[in-house]
Amino acid sequence: MLDLKFIRENIDVVRQAMSNRNTEAPLDAILQLDGERRQKIIELEDLRHSRKEAAKERKTDKVSAEEGRDLRTMIKSLEDEVRNIDLQLGELLLQVPNIPHSSVPVGKDESGNVRLRSWGEPKPLGFQPKPHWELGETLGIIDFDRGVKISGSRFYVLKGLGARLQRALIAFMLDIHTKEHGYTEVYPPYMVKKETMIGSGNLPKFADNLYHDAEEDFWFVPTAEVPITNLHRDEIIPGGYLPINYVAYTACFRREKMSAGKDTRGLKRGHQFDKVEMYKLTTAESSYEELEKLQLNAEDVCRHLDLPYRVVSLCTGDIGFQSAKTYDIEVWAAGCGEWLEVSSCSNCEDFQGRRANIRYRPAPDAKPQFVHTLNGSGLALPRVMIAVMENYQQADGSIRVPEVLQDFVRAKVIR
RNA sequence: GGAGGGGUGUCCGAGUGGCCUAAGGAGACGGUCUUGAAAACCGUUAUCGCGCAAGCGAUCGCAGGUUCGAAUCCUGUCCCCUCCGCCA
């Protein structure tokens, strides 16, 4: 959420940002409601002041109860109006995306994204590589049919060394981020209250993509970013505690309504998938420095797994709603011949912090400021599974286990 | 699931309709005293909105309601605690 005051005072900047994002936002309606709101608040406070005075004088009988009652009626109707405006304003404000950072390339869609660097080379395997769904079924480590039997399309079952390989990847990622990159491991709930989804900005706008238990009003997290953002909701973090670095492994649940019929084959896009997520709360001054670190932390996982990848800076038309700047990591998957997005590292600046009301005190007596928040996958499991299986496959259909995982998997080859 | 108790400021804690402008204590910070420290004493110690400011207003878990007036009464809701039951 943007600062209403910022919109009011920098309307041209905001308009330009929306145009760069190739999107529209109800800015005129916001400005108008904002004006009305401030007018009414002044009136309202005036009336409340009168009520206070009247209540005091009531004891000495200088004011009749009827006068008080009139005041009350007026205050109530004004309060209703202001509440009504607040509600509308809040809803409109939620439709305004973050302002892209000045370093973000301007472009209207993904074709405007800019490749920054790449690491490793897609190596020819010397035989016709198979896609992971073939490898997985032949090796008996992925069971698509039974996944569909028990849960329907976009579900699968990992078995034997397939399940173990995923668990090894999770453990490996958590270890590297906690031991080498300085993150604190968090195990959050996978189901959260409505307020939590609102705090992270997923509700009300993105309800379409979420699973919901209507009876208990629990919402299933689409990413660990949701519970972690809310960890410090409504808190003021004392000076000196930032940056805070969290890493969490969770399952993620997404309805994928927007991608109906797309990527239905294999592990690429399921309703339930695992992810290791990194998250940072920082000061305003250091968030871009931290974004670079976060990005390198994600890349480090790919390097350890020896997966060729490229880094893309998303353009203004392609960055997410809450993000001011985003880097994607795409790894090469030899079997399906695709670059797969395995990580997305974003700086949301104070957009989420304002929404979730997370502040910090820059100095002991200073005014609280909104924290800057950053999130990045480190990494998304199914797509790493795809890349590992397809890039490490051998001519006979077996799969070598990446060196860093061999101890955990307790095998050098899956056959 | 049943029965009961409770949410007050950084923390503890008083407060059952009007000087609550929220007592008192702790901690923290500043000052006095001291060679220095401790003790003692004095002071400061929330957040938000509107405003250049003075100031005005809001907030006692949250949301409604009653009243001339609500931390205080009523309703709903969230959370916490105790006991019983059930349970991986």
Side-chain angles (χ1 to χ4, degrees), chain A residues 1-10 30-93 187-200 203-204 212-219 226-227 229-242 244 251 281 284 350-371:
Chain A
M1 178 161 65
L2 292 182
D3 183 11
L4 184 54
K5 201 162 152 191
F6 180 87
I7 297 178
R8 184 192 308 144
E9 289 167 6
N10 302 275
I30 287 173
L31 288 180
Q32 195 190 327
L33 281 175
D34 175 48
E36 281 179 40
R37 177 177 177 275
R38 287 194 295 159
Q39 184 93 39
K40 289 195 193 298
I41 280 179
I42 290 168
E43 279 177 56
L44 180 60
E45 290 186 351
D46 215 40
L47 283 174
R48 283 208 270 233
H49 183 60
S50 308
R51 174 175 66 183
K52 265 194 180 173
E53 296 300 316
K56 265 186 219 161
E57 286 174 19
R58 173 78 186 122
K59 282 183 297 185
T60 57
D61 254 359
K62 270 190 269 182
V63 179
S64 72
E66 199 179 333
E67 282 177 70
R69 243 168 301 186
D70 285 348
L71 274 176
R72 184 171 73 207
T73 315
M74 287 194 279
I75 287 173
K76 274 202 177 139
S77 83
L78 251 183
E79 278 176 342
D80 280 346
E81 288 178 47
V82 170
R83 193 176 312 136
N84 203 358
I85 291 177
D86 277 344
L87 234 56
Q88 290 179 50
L89 206 46
E91 232 162 80
L92 292 176
L93 229 34
Y187 173 82
Y190 294 1
M191 296 189 291
V192 300
K193 297 191 295 181
K194 188 170 53 195
E195 288 73 17
T196 302
M197 282 295 179
I198 292 172
S200 57
L203 284 177
H212 177 219
D213 166 52
E215 195 169 353
E216 302 288 342
D217 202 24
F218 278 127
W219 296 76
V226 169
T229 302
N230 282 273
L231 228 39
H232 295 286
R233 171 155 53 100
D234 297 323
E235 288 183 20
I236 297 174
I237 297 164
Y241 275 67
L242 299 179
I244 296 173
L281 297 101
D350 66 3
F351 193 85
Q352 268 184 338
R354 180 174 297 105
R355 180 94 179 103
N357 193 28
I358 310 167
R359 291 169 295 173
Y360 70 101
R361 218 178 277 282
D365 286 323
K367 253 190 104 167
Q369 307 271 311
F370 289 111
V371 297

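Letters go in sequence order (proteins before strands), and every chain restarts at 1. Predicted model, so just to flag it, every value in this text is computed and none were measured.
Base pairing annotation: rA71(B) forms no Watson-Crick or G-U wobble pair, as no partner gives both donor-acceptor distances under 3.5 Å. In a base pair of the Watson-Crick type (N1 to N3 plus N6-O4 or O6-N4) or a G-U wobble (N1-O2 and O6-N3), with each distance short of 3.5 Å, rA22(B) is matched with no nucleotide. Using Watson-Crick or G-U wobble geometry with both donor-acceptor distances under 3.5 Å, rA3(B) finds its partner in rU82(B). Nucleotide rC60(B): unpaired (no Watson-Crick or G-U wobble partner with both distances less than 3.5 Å). With a cut-off of 3.5 Å on both pairing distances, rA14(B) has no Watson-Crick or G-U wobble partner at all. Pair assignment for rG51(B) gives none, since no Watson-Crick or G-U wobble pairing has each distance under 3.5 Å. Across the strands present, rU34(B) finds no partner; the criterion is a Watson-Crick or G-U wobble pair with both atom distances under 3.5 angstrom. Remark: rC29(B) base-pairs with rG43(B); criterion is Watson-Crick or G-U wobble with both hydrogen-bond distances under 3.5 Å.
Side-chain nitrogen and oxygen atoms of Arg37(A) include none within less than 4.0 Å of the OP1 or OP2 phosphate oxygen of rC50(B). Taking 4.0 angstrom as the limit, Arg51(A) places none of its side-chain polar atoms (N or O) nearer than this to OP1 or OP2 of rC56(B). In this structure, His49(A) does not reach the rC56(B) phosphate: none of its side-chain N or O atoms is under 4.0 Å from OP1 or OP2. The side chain of Lys194(A) contributes no N or O atom lying less than 4.0 Å from OP1 or OP2 of rC62(B).
For the pair Arg355(A) (side chain) and Ile198(A) (backbone), a donor-acceptor distance under 3.5 Å is present. Remark: the backbone N or O of Ile85(A) is not paired with any side-chain donor or acceptor of Arg37(A) at under 3.5 angstrom. Side chain of Asn230(A) to main chain of Thr196(A): a donor-acceptor pair is present (N/O by atom type, distance under 3.5 Å, no hydrogens or angles).
Using a 4.0 Å cut-off between charged nitrogen and carboxylate oxygen, Asp86(A) and Arg83(A) do not count as a salt-bridge pair.
From Gln352(A), atom CD reaches atom OG1 of Thr229(A) across 4.0 Å, with rounding to the nearest 0.5 Å. If you take CD on Glu91(A) and CD1 on Ile30(A), they are separated by 11.5 Å, rounding to the nearest 0.5 Å.
The P atoms of rU21(B) and rG36(B) are separated by 44 Å, rounded to the nearest whole Å. Nucleotides rG61(B) and rC79(B), compared at atom C1', are 7 Å apart to the nearest Å. The separation of rC19(B) from rA71(B), taken at their P atoms, amounts to 10 Å, rounded to a whole angstrom. Between rC12(B) and rG6(B), the two C1' atoms lie 16 Å apart (nearest whole Å). Remark: the separation of the P atoms in rC81(B) and rC74(B) is 25 Å, to the nearest Å. Spacing of C1' atoms, rA38(B) relative to rC33(B), comes out at 12 Å, to the nearest Å. Annotation: rA39(B) and rU34(B) have their C1' atoms spaced 11 Å apart (nearest Å). Look at the P atom in both rG2(B) and rC60(B): the space between them is 31 Å, to the nearest Å.
Across all strands shown, Lys76(A) has heavy atoms under 4.0 Å from sugar-phosphate atoms exclusively, and none from any base. Arg354(A) comes within 4.0 angstrom of nothing in the nucleic acid, heavy atoms only.
The side chain of Pro368(A) sits closest to rC48(B) out of rG18(B), rC48(B), rG57(B). When the nucleotides rG49(B), rG64(B), rC50(B) are ranked by their closest atom to the side chain of Glu45(A), rG49(B) comes out on top. The side chain of Arg83(A) sits closest to rG64(B) out of rG64(B), rC50(B), rG57(B). Between rC78(B), rG49(B), rG69(B), one nucleotide has an atom nearer to the side chain of Ile41(A) than all others, and that is rG49(B). For Lys193(A), taking side-chain heavy atoms from C-beta onward, the closest of the listed nucleotides rC68(B), rU47(B), rC79(B) is rC79(B). For Ile236(A), the side-chain atoms get nearest to rU47(B) when compared with the rest of rC68(B), rG57(B), rU47(B).
Lys52(A) places its NZ atom 10 Å from the P atom of rA70(B), with the value rounded to the nearest Å. Straight-line distance from the CG atom of Asn84(A) to the P atom of rG64(B): 13 Å, rounded to whole Å. Atom CD1 in Ile75(A) sits about 13 Å away from atom P in rG65(B), given to the nearest Å. The CG atom of Asp234(A) sits 13 Å away from the C1' atom of rC78(B) (whole-angstrom rounding). We find that CG of Leu44(A) is positioned 14 Å from P of rC50(B), with the value rounded to whole Å. When the C1' atom of rG65(B) is taken as reference, atom CG of Asp80(A) falls 12 Å away, rounded to whole Å. Atoms CG (Leu47(A)) and P (rC68(B)) sit 17 Å apart, rounded to a whole Å. Computed from coordinates, the Glu79(A) CD to rU66(B) P distance equals 12 Å when rounded to whole Å.
Taking the nucleotide of RNA chain B with the nearest heavy atom to each of Glu66(A) and Asp34(A), the more 5' of the two is matched to Asp34(A). Projected onto RNA chain B by closest heavy-atom contact, Arg38(A) and Arg72(A) fall at different nucleotides, the more 5' of which corresponds to Arg38(A).
With Glu36(A) as the fixed residue, the side chain to side chain donor-acceptor pair (under 3.5 Å) test singles out one of Gln39(A), Lys40(A), Gln32(A): Gln32(A). Checking Glu43(A), Glu53(A), Glu79(A) one by one against Arg48(A), the salt bridge (charged side-chain N to carboxylate O under 4.0 Å, His left out) holds for a single residue, Glu79(A).
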